[in-house]
Amino acid sequence: RDMGKLLARIIYATQGVPDAQLAELGLLRRRAPRPIPAATEPPIVEVTGVTARRVTIRIRGGEHQASRKPHGSAGAFIYWFVGPAAPTDPRQYWCEGLATRATTDILLPNDVPSGATAWIAAAWVSQRGQRGNACNPVQVTIQGGPILPQVAQSS
């Protein structure tokens, strides 16, 4: 029996064996891989900190998801907009990029005025690049001061 299982694995691994020949040998057909679609339930975005123009957010699965990101997701696309109200047109948001970790930083440009209101949203993306539903935007107030590059001090 063990030798039969080993032989069946070898036959399945040989791509030149068609499904008809597998059936003649009494083996099941090969299963075609199916891509995992993007999650339909939007992520939950939590703002964990704001320092000058750096906004730190935490992204996690929705209410019905136990893990941080859904199975088959590569991560979440992060979007932001600066203005008094969240836009209804998704094309007005700036795409910050793909976040693959639960916690990520968004660095807003220095021309964003102090005290401005920013709106942050996210959407899961599958490993094949399909985007799921975006969450409701989260409001955050930007603090003052530009973020300057750190200069290494010589000793």
Side-chain angles (χ1 to χ4, degrees), residues 8-9 11-19 22-23 27-153:
R9 286 186 188 141
I11 293 169
Y12 277 124
T14 306
Q15 293 298 321
V17 180
D19 285 344
L22 288 174
L27 300 172
L28 298 174
R29 294 176 174 220
R30 289 183 184 93
R31 289 185 290 173
R34 290 179 277 169
I36 300 171
T40 56
E41 188 172 348
I44 295 175
V45 175
E46 299 169 345
V47 176
T48 59
V50 179
T51 305
R53 284 166 174 62
R54 185 183 318 273
V55 180
T56 304
I57 61 169
R58 184 172 164 260
I59 306 163
R60 62 182 178 89
E63 295 176 10
H64 304 299
Q65 298 169 353
S67 66
R68 290 189 178 180
K69 64 181 179 180
H71 175 68
S73 290
F77 279 135
I78 308 298
Y79 303 96
W80 60 268
F81 174 80
V82 176
T88 56
D89 184 3
R91 294 176 292 183
Q92 292 181 332
Y93 284 88
W94 176 266
C95 182
E96 183 68 21
L98 179 67
T100 57
R101 298 180 183 239
T103 303
T104 188
D105 287 339
I106 301 169
L107 184 59
L108 299 178
N110 285 336
D111 61 352
V112 174
S114 299
T117 301
W119 301 88
I120 300 171
W124 295 122
V125 62
S126 74
Q127 293 175 349
R128 291 189 170 230
Q130 296 174 325
R131 189 178 67 85
N133 296 329
C135 67
N136 291 329
V138 176
Q139 180 180 356
V140 63
T141 301
I142 304 305
Q143 298 175 358
I147 296 181
L148 302 173
Q150 302 249 344
V151 178
Q153 295 180 3

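Values in this document were obtained by computation on a predicted structure and should not be read as measured data.
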task = Identify the heavy atoms of Pro137 and Ala86 that sit nearest to each other, and give their distance.
result = CG-CB, 3.7 Å

ask   = Under a 4.5 Å cut-off applied to non-hydrogen side-chain atoms, are Pro70 and Trp124 in contact?
value = yes

inquiry  = Using 0.5 Å steps for rounding, measure from the CD1 atom of Ile78 to the CD1 atom of Ile106.
reply    = 5.5 Å

request  = Answer yes or no: is there a donor N or O on one side and an acceptor on the other, between the side chain of Thr48 and the main chain of Thr56, under 3.5 Å?
outcome  = yes

inquiry  = Within a 6.0 Å radius of atom CZ on Arg128, are there more than 12 heavy atoms belonging to other residues, nucleotides or ligands?
reply    = no

task = Decide if atom CG of Asn133 counts as having more than 12 heavy atoms of other residues, nucleotides or ligands within a radius under 6.0 Å.
result = yes

query = Backbone N or O of Tyr12 within a donor-acceptor pair of the Arg30 side chain at under 3.5 Å?
reply = yes

query = What residues form a side chain to side chain contact (heavy atoms under 4.5 Å, CB included) with Val45, not counting sequence neighbours?
reply = Ile57, Ile120, Ala122, Cys135, Val138

query = Within the side chain of Trp119, is there an N or O that forms a donor-acceptor pair under 3.5 Å with the backbone of Gly83?
reply = yes

ask   = Would you find a donor on one side and an acceptor on the other, under 3.5 Å apart, between the side chain of Gln143 and the backbone of Val50?
value = yes

Interatomic spacing from CZ in Arg29 to CG in Leu22 - rounded to 0.5 Å = 9.0 Å

query = How close do Ile44 and Gly61 get, heavy atom to heavy atom, and via which atoms?
reply = CD1-O, 3.7 Å

remark   = The complete set of salt bridge (Lys or Arg N to Asp or Glu O under 4.0 Å) pairs with one or both residues in residues 91-106, sequence neighbours excluded, reads Asp89-Arg91

key: Closest contact, heavy atoms only, Arg53 versus Ile142   = CG-CG2, 3.8 Å

inquiry  = How long is the straight-line distance from CZ of Arg58 back to OG1 of Thr104, given to the nearest 0.5 Å?
reply    = 13.5 Å

message = Testing the basics here: between Gln92 and Pro87, what is the closest heavy-atom pair and its distance to 0.1 Å?
response = OE1-CB, 2.7 Å

For Thr141, all residues meeting side-chain hydrogen bond (donor to acceptor under 3.5 Å, both in side chains), sequence neighbours excluded = none

request  = Please name the pair of heavy atoms, one in Val112 and one in Ala116, separated by the smallest distance, quoted to 0.1 Å.
outcome  = CG1-CB, 3.9 Å

message = Within this structure, what is the OG1-CD distance for the pair Thr117 and Gln139, rounded to the nearest 0.5 Å?
response = 5.0 Å

key: Spatial distance of atom CZ (Arg9) from atom CG (Leu27) [nearest 0.5 Å]   = 12.5 Å

request  = May I ask you to decide if the ring planes of Tyr79 and Tyr93 are parallel, tilted or perpendicular, using 30° and 60° as cut-offs?
outcome  = perpendicular

task = Please report the closest heavy-atom contact between Thr100 and Ala74, naming both atoms and the distance.
result = CG2-O, 3.6 Å

